[in-house]
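So you know, we letter chains A, B, ... as the sequences are listed, proteins then strands, and number each from 1.
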Amino acid sequence: MTAAANRLPIAFAGFPLAAWAFAIRTWASMVLALYVAFWLQLESPSTAALTVAVLAFPWRGQGLEKAAYRVLATIVGLIASIVIVGLFAQTGWLLIAVLAAWIGICVYASSLLDGFRSYAAVLGIITVCLVAIEPLDTPQTVFDLAHERGAGILIGILSVMFVNDILFAPDYFPEIAARLQALQAKVAALAGSALRGVSISPEAAVALLRDITALRPEISSLSTETSIGPARGAAARTAMVDLVAELQASRSLAALTGSPNSASRVSSLALDWLSSELRQSGRDVEASIEALRDGTAPRDPHRAPLYRSRRIALANAVRASVYFVLGAVALAILGWPSTSVALAFVGILIGLSAMSPNQNAATVLAFVAVPVGCLFAGILEFVVLDGVTDFPLLAIGLLPFTVLCALIMSIPNPASVSLGRALLVFTIAVFSPSNPQAYNPQSFLFACVFLGTAAVLLFICQLFLPPLSDEQKLKILLTEARQDAVPAVLAKHGQHGRHDAMFREAVRMSQIVAAAGEEAPLIKKALGYFDGAAALRLAAAALEMLPEDLSGDLRERAAFAVAEGDGQAILAVSDAIISSATDNSRSIDDAVAALAAAGELLALAAPKKEDAP
Amino acid sequence: MTPVFNELVIGGVMLAPVVSSVVMTVVIMLVLRPILRRIGFARLFASPAIAEFSLCIAIFSLLTLSM
């Protein structure tokens with residue numbers, strides 16, 4: 001029912017009905033959160049409203065997953081704030097150094113994670129900024145602030161959960177299943193042409209790899225949706241891994257069909273084996289998508305690991321710490337009163353931009369969203385409400401701003417999603433609803449000036465020390481891809497982990513594509529490493545499949561050829577094993593066919609490898 | 001009758017009873033989830049989301065009343 005509701009073709013003012021429903025849910029959650037926070041007489045009801053702004057998602061699972069990480073990260077952040085302020089409150093610049101180190105640690109963790117886990121790491125920074133840095137001159141209030149913030153967040157989360165459940169927010173799994181199905185249709189079309197011997201263009205393969213791996217952060221939301229969510233999450237992850245395996249099998253098959261020595265006996269065995277592997281992974285994908293829809297666990301679950309580049313994470317972490325120290329120095333030189341508020345905003349903006357794959361774009365987004373958010377808050381406070389004290393009027397006043405931001409968020413484009421959320425968060429943060437509302441133009445102006453100063457400061461800091469550029473990222477990723485594509489590294493994965501390891505490299509491949517943009521030669525080079533690693537891993541898996549009773553000499557020759565990564569030698573050994581075999585048992589056929597397929601693929605890649613610098 | 005509050009005291013810091021109820025509800029829900037999955041709880045209701053949320057509220061209320 002929910003999936004059908006999501007696809008209703010009815011639109012109003014250019015937005016589908018589902019987007020309007022999402023906007024109304026967001027507004028209702030915000031009003032409920034504010035009402036409860038006012039009723040409980042919390043000191044910072046704006047935290048509850050901000051939590052709703054942060055957790056507003058069109059689907060149920062996403063909001064719940066983010067809420068879980070928000071609670072976890074808030075607890076960690078609050079403990080860190082109390083410890084840091086407790087130990088270093090009187091130490092002057094040492095305190096700034098410790099805070100910068102904390103920001104560095106959180107950015108490092110955020111760069112190693114994806115999706116809402118990355119957000120949780122950034123929330124560690126935001127919590128410390130709001131609880132420890134903003135009241136830097138009054139450290140005795142830290143514990144009370146921590147308490148109030150925790151209560152506000154809890155109320156925000158409960159409001160979102162309640163409204164989403166009562167107003168039937170759609171489940172996320174039908175959307176994920178539909179996207180996996182669409183990807184499967186594309187991969188199956190490529191597989192069909194590969195079986196007919198038509199080659200697959202690198203651009204098409206890379207685009208598909210990118211689309212498949214882009215689902216990874218989204219899939220983790222399935223686990224929180226209902227009690228059968230974890231099974232659905234496992235099924236979706238397995239489908240994703242099998243899709244990459246199917247795509248790679250199609251590409252290998254297409255490459256071997258066109259190779260000059262495809263007429264030999266070993267080659268025909270290899271081709272048969274690859275075709276059966278292709279069909280098998282196609283069936284696996286279908287079974288996993290079926291399991292996702294049914295809510296049952298997949299037969300052979302995969303983990304779908306993420307590729308983590310420690311060098312990129314370290315570079316990001318060092319830069320974030322330096323930006324924070326530079327910001328603190330600049331504010332100390334300015335010598336304004338209550339600059340700790342601006343410093344807290346600098347920290348928050350550093351955290352938010354670290355979460356974005358393109359940090360320059362994130363700074364530009366802050367540049368746009370901060371003034372517009374301040375303008376919205378100003379209009380709401382001094383034109384729309386202008387001194388009213390009734391709660392219903394506040395609720396009506398919030399309606400247009402919340403609905404507008406939520407509608408912008410519902411446009412399926414990463415830039416508008418970020419812009420909509422940033423606008424809503426900045427509007428609420430500057431407006432800062434409280435009971436009774438102060439309507440103080442001076443505090444409004446201060447908030448605007450501090451937020452603006454923080455955005456400008458971060459921009460200037462990034463001019464001094466630019467964030468890691470795409471070229472630098474590409475260089476690091478390509479070096480790591482080359483270092484990983486050696487037999488010693490690849491042999492340790494074994495048969496079951498082969499597809500998981502391939503998926504991990506597919507994630508790196510899509511990171512490379514994101515950094516390389518339109519540079520076709522670099523993408524081809526990276527795809528070469530990806531193919532080489534996949535072939536070597538296949539060879540290592542084939543070695544494990546060889547039967548126990550195979551002669552020691554042949555086994556040693558095969559192991560040596562695989563360790564050298566020498567395609568021709570692997571082919572020669574495969575031929576020798578076939579000739580020496582007395583009975584054509586199924587296991588020896590499979591093992592030799594897999595070995596031969598790996599040998600052929602490595603032999604095909606070898607001339608290209610010599611061309612490469 | 002004046003209600004009696006059993007505060008949780010950690011290192012001399014008193015935490016409101018609602019905090020311990022919430023934490024216990026979350027722990028009980030986490031333990032219940034695999035059991036609910038096994039008995040097919042989600043398939044018994046038109047809206048499994050509301051059913052699970054209601055269960056959560058029921059556990060929280062019982063804990064609050066019993067403490």
Fill in: B/Arg38 portion near chain A, given a 4.5 angstrom heavy-atom threshold
neither
Worksheet item: Is the CZ atom of B/Phe53 crowded by more than 12 outside heavy atoms at less than 6.0 Å?
Response: yes
Response to the item:
Cut-off 4.5 Å, heavy atoms of chain B, and the answer for A/Phe143 is side chain
Worksheet item: Taking all non-hydrogen atoms of both residues, which atom of A/Ile166 and which atom of B/Ile50 are closest, and how far apart?
Response: CA-CD1, 4.4 Å
Worksheet item: Hey, is CZ on A/Phe162 packed in by over 12 heavy atoms from elsewhere, all under 6.0 Å?
Response: no
Worksheet item: Would you call B/Phe41 and A/Ile228 a side-chain contact if the rule is heavy atoms closer than 4.5 Å?
Response: no
Discussion item. How close do B/Arg43 and A/Gly295 get, counting heavy atoms only, and between which atoms?
Written reply: NH2-O, 3.9 Å
Worksheet entry | Within 6.0 Å of CD in A/Gln90, more than 12 heavy atoms from elsewhere | no
Fill in: Option passing side chain to side chain donor-acceptor pair (under 3.5 Å) with A/Ser227 (candidates B/Arg37, B/Glu52, B/Arg33)
B/Glu52
